[in-house]
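As structure tokens, the structure follows; a few thoughts come after it.
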Amino acid sequence: MTPRRLPGALRASIAIATVAAVLATTGCGQVVDAFNGMQRTQDVTPVVPAQTTDEAEEGPEFDSQFTRDGSVSLSTDVADDLEVRLDVWAYEPKRTMEWTPAGEKTFGFAVNVYDHRVDEKAVLTEKRRVYISQIAITSQTSQTSMQTSSPFQYTADPRTLVPTDTLRSDRGLLLNSYQGGLLVPQTTIHQVPDDTYGITLQFAINVAVERNADDDASFEQQTVYQTLPIAIHAPTE
């Protein structure tokens, strides 16, 4: 399936790991371990390139997946024609060219699901349901000193982030309901080391996926992994 993107956004690398049960108690340390186990196929630590004198003054390049104005759409197929989409956008500053090591870097994100086998306006019993039970975000800096740090961590049960009347169950929060998916309007990355020129956010999203519409016996557990490299810029004088 061709991934869908917001205008000007690039697709980040995608990997899916199927697990036997909902990882409702997964901690950030386990999320880091899961990403470390994926290193053969997915390098989340960009290498500092060789620089000329002019480039050194500007800082090393970083393969940022954010657009200049800060938005990206990352897509994962969790079944045939069944897509989980993670949208991330810069909230403040809205232009990621203004994201600096010392400044506050606030972004928002949303998780939604799309069953492309049926019309978008189809009733829920015709769609394959997807529940989200946890979302965790870890981070890793890229620094000119070749050191790394993890300045940002986020873990939440989506059922605690939305109104109590949203559709939910023991499997988690229902993503493909008429009320929409999961929306986190803003969360903030605070100060990072002064020599940081990039930060890579690592998302782990625990979902229960229905293989056949309106079939409670067909649910399977998965963890959707996404990475999002974001450039950090030297402050302008």
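Side-chain contact check for Thr138 and Gln202: at least one donor-acceptor pair (N or O, by modelled atom type) lies under 3.5 Å. Between the side chains of Gln226 and Thr76, at least one donor N or O lies within less than 3.5 Å of an accepting N or O. No side-chain N or O of Thr196 forms a donor-acceptor pair with one of Thr141 less than 3.5 Å apart. A donor-acceptor pair shorter than 3.5 Å can be found between the side chains of Ser75 and Glu83.
Shown are Gln221, Gln222, Arg171, Gln134; of these, the side-chain contact (heavy atoms from CB on, under 4.5 Å) with Asn206 is made only by Gln134.
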Stepwise side-chain contact (heavy atoms from CB on, under 4.5 Å) check, Leu82 with Val130 = CA-CA 9 Å; Leu82 186 62; Val130 177; 3.9 Å; yes
Verdict with supporting geometry, Ile137 and Phe109, side-chain contact (heavy atoms from CB on, under 4.5 Å) = CA-CA 11 Å; Ile137 311 172; Phe109 64 90; 3.9 Å; yes
So Val162 and Leu182, side-chain contact (heavy atoms from CB on, under 4.5 Å) or not? Walk me through it.
-> CA-CA 8 Å; Val162 296; Leu182 171 66; 4.2 Å; yes
Would Lys127 and Asp115 count as a salt bridge (Lys or Arg N to Asp or Glu O under 4.0 Å) if you check the C-alpha gap in whole Å, the side-chain angles of each, and the deciding distance to 0.1 Å?
-> CA-CA 6 Å; Lys127 297 178 180 179; Asp115 188 347; over 6 Å; no
Applying side-chain contact (heavy atoms from CB on, under 4.5 Å), run through Val111 and Ile205 and close with a yes or a no.
-> CA-CA 9 Å; Val111 182; Ile205 305 170; 4.3 Å; yes
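Heavy-atom neighbours of Gln147 CD from other residues, nucleotides or ligands within 6.0 Å: at or below the threshold of 12. The 12-atom threshold is not exceeded at CG of Asp194, counting heavy atoms of other residues, nucleotides or ligands nearer than 6.0 Å.
A cation-pi arrangement is present between Arg85 and Tyr114, with the terminal nitrogen or guanidinium carbon under 6.0 Å from the aromatic centre and inside a 45° cone about the axis.
The aromatic rings of Tyr197 and Phe62 lie perpendicular to each other, with more than 60° between the two planes, well past the 30° mark. A perpendicular orientation is assigned to the rings of Phe107 and Phe152, their planes being inclined by more than 60° (bins at 30° and 60°).
In this structure, Arg129 pairs ionically with Asp216, as a charged nitrogen and a carboxylate oxygen lie closer than 4.0 Å.
Put simply, the side chain of Thr200 does not reach to within 4.5 Å of the side chain of Ser139, judged on heavy atoms.
Residue pairs meeting the salt bridge (charged side-chain N to carboxylate O under 4.0 Å, His left out) criterion with at least one member in residues 92-109, sequence neighbours excluded: Asp69-Arg95, Arg95-Glu98.
With hydrogens and angles disregarded, a donor-acceptor distance shorter than 3.5 Å links the side chain of Arg168 to the backbone of Arg159.
Residue Val224 is grouped with residue Val209 when hydrophobic side chains (ILVMFWY) are merged at heavy-atom distances under 4.5 angstrom, including chains of intermediate members.
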